[in-house]
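So you know, we letter chains A, B, ... as the sequences are listed, proteins then strands, and number each from 1.
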Amino acid sequence: MASQLSVGAIAAIMEGDKRDKPVFQIVGCKKLQASSTSKPGDRYRLLLTDSIHNCSVMLATQLNPKVTSGYFHAKALIQMTNYTCTAIAPNKKVIVILDAEIVADAQSVGDKVIGNGKLYQGSSTSNQPIPQGTSRPMQGNDMNSPSSKQGFQSNIQSPVASSKGSYGGNFSRVGAGMNNNMGSPPKCQPIASLTPYQNRWTIKVRVTNKSDIRTWSNSRGEGKLFSMDLVDQSGEIRATAFKDQCDKFYDMVEKGKVYFLSKGTLKPANKQYTSIKNDYELTFNSETTMMPCEDEDSTIPNVQFDFRTISDLQDINPDSMVDIIGVAKSAGDVQTVTIRSSNREVAKRDVSVIDDSGKVVNLTLWGKEAEGFDASSNPVVAVKGARLSSFGGRSLSVLQSSIFQINPDIPRAHSLKGWYDSEGHQQEAQSISENRTMGGGGSTNWLTFQEVQQQNLGSGEKPDYFTTKATILFAKKENCMYMACPSEQCNKKVIENGDGTFRCEKCSKDYHEFQYRLLLQCNVADMTDNQWITCFQETAEAILGRKADMLGALRDQDEAEFNQIFQDAFFSDYIFRMRIKMETYNDEARMKCTCLSVQKLDPAEYAKKLINDIKTLAVS
DNA sequence: CCCCCCCC
């Protein structure tokens, strides 16, 4: 078996000799950089031996599953079917494995490391000192570091790398290509090899996503930016161009095109905002150059997905970014929602997506993507960088930064479509996004008022939502309605001009009529506590059992009857959907609890829910 | 240097 080894190939490759599909033995594996808690950023290095030399090589991220699955295992023989060897600094080269397979497992080589290879530290003929600013050589003992999460054990003593060794021998100058005027094609290195510790580099990348220009203004200043996702065979990276660079590069950057990109600032990526698999992000600076690649290089891949199954989503932390693919089983109508913070209106559509894990998840589309989406042909939808939320259990939202594709031409899409057409469509599938039955609206998060307090709901940046069963104790008659603008959707309070007309400041208009709107303060109680809540028009009408205009007329004409309506409303049970948020009025902070929907208690339905709760308790 | 991504 050992005869399969490509003896001497490590030195040969590092010295510029292209070897076809060389076979090495895996000595160990190391997971790089425990910088992030999020799963996607992992990157691995393998320590390989050809029995003469050992060498640490990087793995392209698409091969991560071959590490985590245990397919790449210590002592096994690995054949590199596709790889690059690139100079990343004058005296340093790195091999990146783009594809490889195991040709003999550990057992078949006696579970022993073959030979007694020494760490490859560069050409023996070269004896140059380590240049300044070069990152340190990869050392064999990295492979055996206790931080390795893979549990690979090497039974050879790793050579103790001496910093006096010499590195590399046969290198080309990298990064100069963009700036010389000789017209020679730039020498490129893989995205995967970029680090903050070198600044002269060129990468050849495809732009797979490009944002609009966005402006910002905050306490740290203001400006504008656009960002883009870049990929090559070795991996991917997110890049952002601010201000001057934003203006300089925005127009030339085209989604789908290939570019030579040289120089820029690398900084640690904030995984919270991206599913791009790189520990770093690239910021353009004044030295950055970008040149379209004339020939459309088909060896540079397009969007790289790392799909999770819908079933997987149940075990992934909410608020993380995920790639997902599935069949659009059905879609709701387009809705228009008003963004509370900005009062903007935006279109929204919920899509039920299923995959062959047998689970369904709700995926929310926004804006144009919502308006234009048609689920009638059950298209495959793929999203890179969707946000997972805990709403209704688990649900997904497509962000501006996401890549949303309908019927992408990738193998997984075709197999899913085939699965759906042949069997998936008739499958009784279970949704991981809660069904909206009990309670009338997203009835997740059933809480008592005491629990709401104990959990400090409402004290965060964003409002919290909960559902509760409670009883109306009291509703204030005083100020329970106001004269509102008669125009559709305005609802703003009008001022009587005194001449029989009514002024709406929001519309800047005078009207001959107004409409009554309800704004009802209710005190409601469950078995743990009571709470003042605000009910607007529809919910107040439901509680009082009368329409607002009718109540307005009654108040003016028949006060006794008006009072009776309130009396009748007390001590009724409802299921309330609430929004709670700390708000400040005249420097006074108080918890504001708004009723979003209300449904008269159906005792039989509620009893079913309670029985279900008891069953759940009994199991856990 | 952004990082908002909405609704419930």
Colleague: Is the NZ or CZ atom of A/K263 both under 6.0 Å from the centre of the six-membered ring of A/F284 and within 45° of that ring's axis?
Modeller: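 Here A/K263 fails the 6.0 Å and 45° test against A/F284.
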Colleague: Any side-chain heavy-atom pair from A/C490 and A/C507 closer than 4.5 angstrom?
Modeller: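 A side-chain contact under 4.5 Å exists here.
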Colleague: Across the strands shown, which category fits A/R579 at heavy-atom distances under 4.0 angstrom: base, sugar-phosphate, nothing?
Modeller: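 Sugar-phosphate contact only.
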Colleague: On a plain distance test, is the side chain of A/R349 in donor-acceptor contact with the base of B/dC7 below 3.5 Å?
Modeller: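 For A/R349, whose side chain was compared with the base of B/dC7, there is no donor-acceptor pair (under 3.5 Å).
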Colleague: With a 4.0 Å heavy-atom cut-off, tell me which residues in residues 220-228 of chain A come close to DNA chain B, sorted by residue number.
Modeller: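 Residues of residues 220-228 of chain A that come under 4.0 Å of DNA chain B are, in numerical order, A/R220, A/L225.
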Colleague: Determine, for A/R308 against A/D306, whether the closest basic-nitrogen to carboxylate-oxygen distance falls under 4.0 angstrom.
Modeller: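 Salt bridge: yes.
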Colleague: Show me the side-chain donor-acceptor pairs of residues 454-463 of chain A shorter than 3.5 Å, one per line, residues at least two apart or across chains.
Modeller:
residue	atom	partner	partner atom	Å
A/S459	OG	A/N456	O	2.5

Colleague: Applying salt bridge (Lys or Arg N to Asp or Glu O under 4.0 Å), name anything that partners A/K359, two or more places apart in sequence or on another chain.
Modeller: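 For A/K359, no residue satisfies salt bridge (Lys or Arg N to Asp or Glu O under 4.0 Å) once neighbours in sequence are set aside.
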Colleague: Checking contacts here: which listed nucleotide (B/dC7, B/dC5, B/dC2) is nearest the side-chain heavy atoms of A/L399?
Modeller: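 Output: B/dC5.
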Colleague: Between A/S342 and B/dC4, is there a side-chain N or O to OP1/OP2 distance below 4.0 Å?
Modeller: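 No, no such contact exists.
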Colleague: Is the shortest distance from a Lys or Arg side-chain nitrogen in A/D247 or A/K224 to a carboxylate oxygen in the other one below 4.0 Å?
Modeller: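 Salt bridge present between A/D247 and A/K224.
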Colleague: According to salt bridge (Lys or Arg N to Asp or Glu O under 4.0 Å), who are the partners of A/K547, at least two apart in sequence or on a separate chain?
Modeller: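 A/K547: salt bridge (Lys or Arg N to Asp or Glu O under 4.0 Å) contacts with A/E541.
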Colleague: Indicate, with a heavy-atom threshold strictly under 4.0 Å, whether A/E281 touches base, sugar-phosphate, or nothing.
Modeller: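 The answer is base, as A/E281 lies within the cut-off (heavy atoms under 4.0 Å) of a base atom.
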Colleague: Out of B/dC6, B/dC3, B/dC8, which nucleotide sits closest to the side chain of A/R214?
Modeller: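 For the A/R214 side chain, the nearest candidate turns out to be B/dC3.
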Colleague: If the cut-off is 4.0 Å, is A/R340 near the phosphate of B/dC7, judged by side-chain N/O to OP1 or OP2?
Modeller: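 No.
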Colleague: A/K462 side chain N/O closer than 4.0 Å to the phosphate oxygens (OP1, OP2) of B/dC5?
Modeller: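 Answer yes for this pair, as a side-chain N or O of A/K462 is under 4.0 Å from OP1 or OP2.
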Colleague: Please work out which residues in residues 247-255 of chain A have a non-hydrogen atom less than 4.0 Å from an atom of DNA chain B and list them by number.
Modeller: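 Residues of residues 247-255 of chain A under 4.0 Å from DNA chain B: none.
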Colleague: Is A/W216 near enough to B/dC2 that one of its side-chain N or O atoms lies under 4.0 angstrom from OP1 or OP2?
Modeller: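 Yes, A/W216 has a side-chain N/O under 4.0 Å of OP1/OP2 on B/dC2.
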Colleague: One thing to verify: whether A/D350 and A/K348 come together as a salt bridge, which I'm taking to mean a side-chain N less than 4.0 angstrom from a carboxylate O.
Modeller: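 A salt bridge is present here (some side-chain N lies under 4.0 Å from a carboxylate O).
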Colleague: List, one per line, each side-chain donor-acceptor pair under 3.5 Å for residues 333-346 of chain A, sequence neighbours excluded.
Modeller:
residue	atom	partner	partner atom	Å
A/S342	OG	A/R344	N	3.3
A/S342	OG	A/R344	NE	3.3

